[in-house]
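Here the structure is laid out as structure tokens; the discussion comes afterwards.
Naming: A, B, ... by sequence-line order, numbering from 1 per chain.
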Amino acid sequence: MYRDMLCGDLRAGHVGGNFTLSGWIFRRRDHGGVVFIDLRDTSGIVQVVFKPEEVGPEVIEAITHTGLESVIKVSGALILRGEGLTNPHMPTGEVELVVKSHVVLGRADPLPYALSDESVPEDLKLQHRFLDLRREDVMKTIHLRSDVIASIRQRMWAKGFREYQTPILTASSPEGARDFLVPSRLHPGKFYALPQAPQQFKQLLMVGGFDRYFQIAPCFRDEDARADRCPTDFYQLDLEMSFVQQDDVFAVAEDVLGGVFAEFKDWNGNGRNEKGRAVDAAPWVRIPYDTAMLDYACDKPDLRCPLKIIDVSDVWAASEFGVFKNIVSGGGHVRMIGVPKAAAQPRSWFDSIGKWAQEELGAPAAPGYISWKEGAFGGPLTKFLSEAQVREMFARAGVGEGGVIFFIAGKTPAIYKILNPLRVRLGKDCGLNEVGIFRFCWIVDFPMFERDEATGKIDFSHNPFSMPQGGLESLESQDPLSIKATQYDLVCNGYELISGGIRNHLPAAMLKAFAIAGYPPEVVKDKFRGMWKAFHMGVPPHGGCAAGLERVVMLLAESNMVREVVAFPMNQRGEDLMMGAPTVVEERQLKELHIKLR
RNA sequence: GGAGGCGUAGCUCAGUUGGUUAGAGUAUCGCCUUGUCACGGCGAGGGUCGUGGGUUCGAGUCCCAUCGCUUCCGCCA
């Protein structure tokens, strides 16, 4: 028997009992005679005391030389610590276990770094991830992930969905991200691909008559990492439904994700959420893609910032300012962000905004601005405009005296990269952005196609399997770039949480859509052969979406590092420093796989 | 593929204008310490200053290259 009680559960009510505990030596305080040990297990920490008169000097000597983080078993009596000896900072601080016997179960060598040290280099931590996992906040964050998954499964089952597994080894497909490839031993020269998402399988389940599918699905993409993006594999709540329209998918997502956020809004396992958070009430606001790009310069706007972007190209076209006039006449735009109360900011703030925009955002010049202060308009651009023009712009911005309007001029989409972060920063600096709330919005009506800036080629802008609005008819009659897809994203606080769509289940429309994107019919029929056949044998209209699990957990954990919500994360270059992956393999293995390295 | 930041003891960091034997905390080891809770005290070991080259009488410090980590851009249907 290793234990009959957990360390963190011991309380004054247990005093008088004899207990056996097993755990890690978290800290030791050696007083020559009496030795205190903070013993830690999954439940928490309790102080255990080694006294010479109880265990003898040999045991005192032995426990003194048992390294920190060794695993031991102790047995003894639980006592009240008594007046002046309690520790109010520990839940177990009123009691302690007086050790009668102990066993070392797993001795620890000196550690490469102290568990309590948070500023250890990332690669050293990743090499010893099992040590990092012992830290309370790390463990609780991984617990959160597990609890979120359990909650999602419960909510999906309650809605009549069932979970189905789909293959991990599948076929490479021509569109999308770079595939991870797995060579086939039985088929020389042929490769499996790891699925970027179970997209085609879930659609084929619909064809199979399974109305409501979901899966906590692993997805594999061989792309470069970001702070909020794993470089190799990540998980999605993937779901698909038959005989539904956009509103039906939204209702499920709002119930399930809204429920999850409400359930965990007060989670504070890592101490970053002292005050709790509010959750935007469903139904969540829907913003067409084109509107989002105009108002927020971004298809994943952070709605905690109330500021909106407004086009004032016409005003500047009629001004005396040559730079902006030329930009407008050359097909560019002048966009404005109006900030109430910003005129009170010191000159140094305006300078720092300008410096930041140029250095961090790559703006060609510091953003121009006009401030309205003490009845007068100020700022370097004022002299190029009539008072009526200035008043017109303040009126459009809905900003009165005491406010400032900022300008960014140039061509789209280049100006979006400046406008979006600028909008959020201005709101933040002026105290306008909401805190302690999850703000959701649906971005709808994404364009079906986009033109590649470099090559001029037309390609799918999002999911090639989305139904174009207007169906086959719009594909045949409209300018491809004007066609909208039945394609939507869910955004929370500036993070894309969900992407989904109503699917194109009409073979003719599928062929036409791929043709516009430059894929000939033979390629569609060959590369998507399963779907192509299936769609000729009775396919229900269907749609769905997928939610990025790591991003959900990151938001709930107030984290901006995806590594914090993964038990065994890769480093930025897709290496597992603990396991040593990827590795070289033996020549024999390569030979079996018919592979020759070059 | 491109840009920025970082790299000094196992770990966290300091190190002046380029100057003589590179310091501190922590961990480890030894001694002391019977009520601490980040216990405390004394002492010891531990360094190719990421690596390579250059400038110089002299480089942790300046220059060049390179490697590693990290953030961003490209990329991510």
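Annotation: A:Phe514 is in aromatic contact with A:Phe460 [ring centroid separation under 6.0 Å]. Between A:Phe220 and A:Phe180, the distance from one ring center to the other does not fall under 6.0 angstrom. Aromatic ring centres of A:Tyr296 and A:Tyr416 lie farther apart than the 6.0 Å criterion allows.
With A:Ser559 as the fixed residue, the side chain to side chain donor-acceptor pair (under 3.5 Å) test singles out one of A:Arg551, A:Glu564, A:Glu550: A:Glu564.
No side-chain heavy atom of A:Val46 sits less than 4.5 Å from a side-chain heavy atom of A:Arg40. Residues A:Val182 and A:Leu169 are in side-chain contact: their nearest non-hydrogen atoms beyond the backbone lie under 4.5 Å apart. Put simply, the side chain of A:Ser101 reaches to within 4.5 Å of the side chain of A:Ser75, judged on heavy atoms.
Below the 3.5 angstrom threshold, one finds no donor paired with an acceptor across the side chain of A:Glu223 and the base of B:rG74. A:Arg229 contributes a side-chain N or O that forms a donor-acceptor pair with the base of B:rC76 under 3.5 Å. With hydrogens and angles ignored, a donor-acceptor pair under 3.5 angstrom links the side chain of A:Asn87 to the base of B:rC37. For a distance-only test at 3.5 Å, the side chain of A:Asp123 fails to qualify as a donor-acceptor partner of the base of B:rG68.
The side chain of A:Asp224 approaches B:rG74 more closely than any other nucleotide in the set B:rG74, B:rC69, B:rC11. Listed candidates were B:rC11, B:rU36, B:rU33. Nearest to the side chain of A:Asp30 is B:rU33. Taking the side chain of A:Pro52 as heavy atoms from C-beta on, and the options B:rU71, B:rC39, B:rU34, the nearest nucleotide is B:rU34. Counting only heavy atoms from C-beta on, A:Glu575 has its side chain closest to B:rC69 among B:rC69, B:rC76, B:rU71. Of the listed nucleotides (B:rG35, B:rU71, B:rC76), B:rC76 has the atom at the smallest distance from the side chain of A:Arg221.
Among the protein residues, A:Arg573 comes within range of the sugar-phosphate backbone only, with heavy atoms under 4.0 Å from sugar or phosphate atoms but none that close to a base. Across all strands, A:Ala227 comes closer than 4.0 Å only to sugar-phosphate atoms, never to a base (heavy-atom distances). Contact annotation for A:Thr86: base contact, defined as any heavy-atom pair under 4.0 Å involving a base atom. Residue A:Glu450 is out of contact with every strand shown, counting any heavy-atom pair closer than 4.0 Å. Within 4.0 Å of A:Arg226, counting heavy atoms only, lies at least one base atom of the nucleic acid. At the heavy-atom level, A:Phe36 lies under 4.0 Å from base atoms of the strands shown. Within 4.0 Å (heavy atoms only), A:Leu111 reaches no atom of the nucleic acid at all. Residue contacts for A:His128: at a heavy-atom cut-off of 4.0 Å it reaches no nucleic acid atom on any strand shown. Counting any heavy atom pair closer than 4.0 Å across all strands shown, A:Glu53 reaches a base atom.
If you take atom C1' in B:rC75 and the same atom in B:rC6, they sit 25 Å apart, rounded to whole Å. Straight-line distance between the P atoms of B:rG54 and B:rG68: roughly 23 Å, to the nearest whole Å. Rounded to a whole angstrom, the distance from the C1' atom of B:rU8 to that of B:rA14 is 10 Å. To the nearest whole angstrom, the two P atoms, one in B:rC72 and one in B:rG25, are 37 Å apart. If you take atom C1' in B:rG47 and the same atom in B:rC62, they sit 22 Å apart, rounded to whole Å. B:rA9 and B:rG41 are spaced 23 Å apart, taking the C1' atom of each and rounding to whole Å. Between B:rU51 and B:rA59, the two C1' atoms lie 16 Å apart (nearest whole Å). Atom name C1', nucleotides B:rG58 and B:rU66: the rounded distance is 25 Å, in whole Å.
If A:Lys51 and A:Asn571 are placed on RNA chain B by their nearest nucleotide, the residue sitting closer to the 5' end is A:Lys51. Each of A:Arg28 and A:Pro112 lies near RNA chain B, and the nucleotide nearest A:Pro112 is the one positioned closer to the 5' end.
A heavy atom lying under 4.0 Å from RNA chain B marks none of the residues of residues 516-532 of chain A.
Between A:Gln572 and B:rU71 there is a side-chain polar atom (N or O) within less than 4.0 angstrom of OP1 or OP2. OP1 or OP2 of B:rG74 has at least one side-chain nitrogen or oxygen of A:Lys417 nearer than 4.0 Å. One finds a side-chain N or O of A:His65 lying less than 4.0 angstrom from the OP1 or OP2 phosphate oxygen of B:rG30. Not one side-chain nitrogen or oxygen of A:Arg29 sits closer than 4.0 Å to the OP1 or OP2 atom of B:rA38.
Of the nucleotides present, none pairs with B:rU61 by Watson-Crick or G-U wobble criteria with both distances under 3.5 Å. In a base pair of the Watson-Crick type (N1 to N3 plus N6-O4 or O6-N4) or a G-U wobble (N1-O2 and O6-N3), with each distance short of 3.5 Å, B:rU55 is matched with no nucleotide. Nucleotide B:rC6 forms a Watson-Crick or G-U wobble pair with B:rG68, both donor-acceptor distances falling under 3.5 Å.
Among residues at least two apart or in separate chains, ring-ring contact (aromatic ring centres under 6.0 Å, His included) pairs with a member in residues 32-65 of chain A are A:His31-A:Phe36, A:Phe50-A:His102.
Distance A:Asp38 CG to B:rA38 P: 8 Å, rounded to the nearest Å. Rounded to an integer number of Å, the gap from CG of A:Asn560 to C1' of B:rC72 is 13 Å. Rounding to whole angstrom units, CD1 of residue A:Ile60 and P of B:rU33 are separated by 13 Å. Between the C1' atom of B:rU70 and the CD atom of A:Gln127 lies a distance of 15 Å, rounded to the nearest Å. A:Asp233 has its CG atom 14 Å from the C1' atom of B:rC76, to the nearest Å. Residue A:Glu136 contributes atom CD, which lies 14 Å from atom P of B:rA38 at whole-angstrom precision. A:Arg27 has its CZ atom 16 Å from the C1' atom of B:rG40, to the nearest Å. Rounded to a whole Å, the CE atom of A:Met90 is 11 Å from the P atom of B:rC39.
When only modelled atom types and interatomic distance are considered, A:Tyr289 and A:Asp489 share no side-chain donor-acceptor pair under 3.5 Å. A:Gln478 and A:Ser482 share a donor-acceptor pair across their side chains, judged by distance under 3.5 Å alone.
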Test A:Gln47 against A:Asn87 for side-chain hydrogen bond (donor to acceptor under 3.5 Å, both in side chains), laying out the working first. CA-CA 10 Å; A:Gln47 174 165 285; A:Asn87 183 344; over 6 Å; no
Residue pair A:Tyr192, A:Leu181: steps toward the side chain to side chain contact (heavy atoms under 4.5 Å, CB included) verdict: CA-CA 6 Å; A:Tyr192 301 95; A:Leu181 297 176; over 6 Å; no
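With respect to the salt-bridge test (charged N to carboxylate O, under 4.0 angstrom), the residues A:Arg272 and A:Glu558 do not qualify.
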At a cut-off of 3.5 Å, list every protein nitrogen or oxygen paired with a nitrogen or oxygen from nucleotides 46-51 of chain B, distance to 0.1 Å.
none

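Nearest heavy-atom pair, A:Ala292 versus A:Ile287, reported as atom, atom and distance to 0.1 Å: N-CG2, 3.7 Å.
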